[in-house]
Amino acid sequence: MVIRDYIFLGIFLLVMACVPLLLKNDYYISIFVFASFNCLACIGLSLLLGYAGQISLGHAAFIGIGAYTSGYLTTQFAWSPWITMFIGVVISIIIAIAVGVPSLKLRGHYLAMATLGFGAILYIVAVAAVDITGGPAGLNNIPPLNLFGLILDSDKKFFFFSWSVVVIGLLFALNLINSRVGRGLRALHGSEDAANSIGINTSSYKIQIFIFSAVFSSIAGSLYAHYVTYIDPGPFGIMHSVLLMTMVAVGGMHKIWGAVIGSLLLSLLPEFLSFSTGYFKTFGIEYKPDYDTLVYGIILLSIMLFLPEGLYGGFSSAFRAVKNIVKRNGKKAKSSS
Amino acid sequence: MKKNLVIIILAAFCMVFVSCSKKEEPVKEEVKQEEVKKEEVKKDYVVGAFFAITGKFASLLGEPERNTVEMMVKQVNEAGGINGHKLVVHMEDTQGDNSRAVKAAKKFIGMGVCAIVGPSRSGSSMAVIPVVQKAKIPLISCAAAESIVVPVAERKYIFKTPQKDSDAVRKIYGRLNKKGVTDVGIITGTTGFGNAGRGQLKTLAGEYKINIVADETYSPADTDMTAQLVKIKNAGAKAVINWSIVPAQSIVPKNMKQLKMDIPLYQSHGFGNIKYAKLAGDAAEGIMFPGGRLLVAKQLIHHHPQRPLLMKYKEDYESTYNEDASTFGGHAYDALLIVINALKAVGDDPEKIRDHIETQNFFGTGGNFKFTPEDHNGLNTRAFDMITVSFGEFKILGEW
């Protein structure tokens with residue numbers, strides 16, 4: 001980890017700690033809790049997409065595996081949520097190996113195809129295996145998490161817990177990319193042949209990072225199950241995988257921080273739009289929830305068109321430009337004096 | 001280090017955004033309360049309502065429900081409110097998505113609503129139950145699955161207005177018994193509604209000596225059910241029961257016509273929007289399903305106790321929105337009516353509203369509701385009539 005990351009992490013912690021102080025309403029806090037699940041999954045996905053250069057269209061399925069493992073084992077056998085979360089992670093690792101090994105040994109975007117199919121299959125299993133998953137009716141009465149005797153049953157408690165998990169995940173990811181593995185991955189993203197020629201086992205790196213990102217998603221899923229205390233197949237479909245990809249792309253896929261920004265933005269945006277409905281009325285315009293998709297689309301399109309490096313990339317280049325202007329003006333001022 | 005500033009700016013932006021959003025509501029409420037004090041007007045009764053208004057699953061459900069609630073609020077307030085209190089309903093769109101439903105429920109609770117109406121779908125209802133149970137706010141669901149209100153001990157604050165799916169199954173099986181049909185093929189949608197119906201169809205089959213020869217399912221996004229229907233045909237079914245709430249259910253009669261299957265097709269009460277029949281076109285002719293009497297209000301005998309209410313709702317709805325009234329709008333009508341009844345009697349204390357609902361006994365669009373502490377639905381098989389599609393319209397089939 002470089003110093004810059006530590007500073008960012010400090011600021012990030014500070015901002016997140018301020019959120020519940022500023023937000024008195026549980027509803028707003030719950031939006032941030034849902035955002036934290038996306039954030040965790042996106043950090044993992046960002047490693048895969050931005051550093052290993054692989055596309056996965058099945059990460060919502062890994063979230064689903066985590067959620068259903070936790071949900072099923074805690075409701076049927078009353079196991080401790082911590083154990084079930086771990087089992088969910090193990091299952092995700094096994095499945096990630098099964099899906100990843102054959103497709104990542106090949107060149108090109110075979111992982112995207114494999115995960116697309118895998119996501120669709122898992123969704124169908126969740127819907128059809130009524131005896132285990134409850135089918136479309138889902139699983140009910142999932143117990144809340146118990147942290148050393150403290151039951152995380154309120155939005156505020158869960159907010160602190162889930163964002164702490166995100167910060168731990170961030171620490172892991174940032175350490176990873178600034179290590180030997182991270183440098184290897186960046187070489188791989190640049191050119192697979194070149195990376196191979198300098199002795200990087202590219203396929204093993206890709207598989208490892210895919211497993212790593214699956215673990216992140218699985219934990220996010222378990223947290224989701226214990227927070228909402230009800231799960232059904234709906235939130236684990238292909239569309240959610242695509243949304244996660246979009247979050248990473250919008251934030252900036254070559255930086256972990258981009259994933260954080262992207263997931264926060266796209267998780268909060270729909271709520272912000274529904275919230276701002278009231279203001280349009282004061283201007284005499286009738287804003288309907290149906291327009292959300294339109295606004296959403298315009299924002300995504302303009303980011304993709306004008307900021308191909310994502311929000312993070314866009315901001316840093318804007319910052320660089322401003323700094324250059326300031327520098328130049330400073331020089332001018334000096335020379336003229 | 002240069003990027004720190006960017007993040008700081010971002011963080012500051014976040015803080016500003018966040019603190020703005022926080023202030024909005026309390027400020028508004030304070031203003032409102034001040035106004036109230038000045039004018040000596042009674043405080044508003046605030047109710048939350050959320051339906052699957054958009055989204056691929058349920059636009060035929062949520063839209064009439066939202067329209068109905070908006071129409072009723074207007075009517076109530078034009079008539080001077082409830083005991084002089086203005087009725088305010090906050091509307092949210094769940095898009096048929098459970099996470100959105102949970103968020104909306106939390107939003108309502110944060111607003112301090114005294115009761116919640118909706119959501120439209122069984123899955124969303126199940127998802128919000130823990131939230132509203134914990135907040136102790138009564139919720140009147142407009143979704144069908146019986147598990148929403150059973151077991152009552154764990155669903156103290158949960159009520160629902162649509163008829164029970166087990167009663168719908170009983171109605172269909174009762175008719176099959178009279179017709180002497182025993183071998184049936186069932187085809188159900190893989191949604192909360194379809195799955196609950198499939199469960200009831202299988203559980204009650206033994207009681208009515210029905211033999212299910214084929215058990216097929218389809219997903220809400222499917223566009224062709226030929227494969228499933230061929231299996232049912234080959235299994236020798238003498239009747240088909242299609243149990244679903246999504247527009248895809250209208251494909252089944254079309255496919256049956258293409259396959260020249262001339263055995264009778266029974267649908268669930270989820271078929272209760274004439275738009276579903278229109279989607280199936282000619283193929284819908286002769287479909288039978290148990291439905292609420294709202295769909296056939298005009299054909300009811302004149303002294304039927306439900307008739308005046310049904311006719312009034314139907315006429316109001318159809319004149320306001322220029323489209324046919326549907327069962328689903330009726331569910332929302334009943335749900336809000338329950339809340340209004342309670343508000344009239346006991347004011348806006350959630351606990352008192354809950355207690356009052358358990359004593360309510362009235363005629364709604366769904367039938368004669370008799371709520372008790374043991375029954376949070378209040379309807380029985382008599383809430384249904386068998387209805388058929390004839391010349392593109394719903395007709396009462398009569399008891400035979």
Side-chain angles (χ1 to χ4, degrees), chain A residues 3-4 7-8 11-12 14-15 18-19 22-31 34 124 127-128 130 134-138 140-142 153-155 224 227-235 257 261 264 268 270-272 274-275 278 288-290 292-293 311-312 315-316 318-320 322-323, chain B residues 1-11 14-15 17-19 21-22 24-26 28 53-54 57 91-93 95-100 102-111 122-124 126-131 134-135 145 147 154 189-196 198-199 217 219:
Chain A
I3 295 171
R4 196 179 60 213
I7 296 169
F8 280 7
I11 297 168
F12 179 68
L14 211 68
V15 173
C18 288
V19 168
L22 293 168
L23 301 172
K24 294 281 177 268
N25 191 327
D26 274 355
Y27 160 64
Y28 296 117
I29 294 178
S30 77
I31 294 170
F34 280 110
I124 292 169
V127 170
V130 179
N140 225 327
N141 293 329
I142 300 169
D153 55 353
S154 80
D155 297 292
Y224 175 91
Y227 173 65
V228 183
T229 70
Y230 166 85
I231 46 169
D232 79 334
W257 289 104
I261 296 170
L264 266 173
L268 302 185
E271 310 301 328
F272 179 73
S274 84
F275 169 78
K288 287 183 178 161
D290 313 6
D292 278 4
T293 337
L311 282 178
Y312 186 90
F315 278 129
S316 47
F319 180 69
R320 234 172 290 144
V322 171
K323 214 174 93 179
Chain B
M1 292 303 282
K2 40 193 158 168
K3 281 168 194 163
N4 295 357
L5 243 171
V6 182
I7 291 290
I8 292 170
I9 294 167
L10 244 180
C14 275
M15 298 258 253
F17 156 69
V18 149
S19 49
S21 56
K22 182 210 76 168
E24 287 323 320
E25 270 163 67
K28 263 190 204 163
I53 301 166
T54 57
F57 284 118
M91 188 72 66
E92 287 288 328
D93 179 8
Q95 300 181 358
D97 176 308
N98 300 340
S99 302
R100 287 188 82 94
V102 170
K103 283 183 207 164
K106 289 194 170 162
K107 193 172 182 181
F108 291 147
I109 292 161
M111 282 173 177
S122 301
S124 309
M126 297 302 283
V128 299
I129 285 173
V131 180
K134 212 177 119 206
S147 49
E154 288 169 28
T190 51
T191 60
F193 179 81
N195 189 49
R198 179 167 171 241
T217 60
S219 101

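The figures here come from the full heavy-atom set of this structure, side chains too, leaving out hydrogens, waters and symmetry mates. All chains are named by letter (A, B, ...) in the order of the sequence lines, taking the proteins before the strands, and each is independently numbered beginning at 1.
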State, to 0.1 Å, how close A:F34 and B:K103 come at their nearest heavy-atom pair, and which atoms those are. CD1-CE, 3.3 Å

For A:G134 and B:N195, work out which heavy atoms get closest and say how close.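 Of all heavy-atom pairs spanning A:G134 and B:N195, the closest is O-ND2, 3.6 Å.
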
In this structure, CE of B:M126 is separated from OG1 of A:T229 (nearest 0.5 Å) by 10.5 Å

Examine distances only and state if a side-chain atom of B:K134 and a backbone atom of A:D153 form a donor-acceptor pair shorter than 3.5 Å.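 Yes; at least one donor-acceptor contact below 3.5 Å.
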
Check: B:N98 and A:Y230 side chains under 4.5 Å, non-hydrogen atoms: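 Sidechains of B:N98 and A:Y230: in contact.
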
In terms of heavy-atom proximity below 4.5 Å to chain A, should B:A127 be classed as side chain, backbone, both, or neither?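 Contact with chain A: backbone and side chain both.
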
Highest number of heavy-atom pairs under 4.5 Å with chain B among A:P235, A:S30, A:P233, A:G135 belongs to A:S30

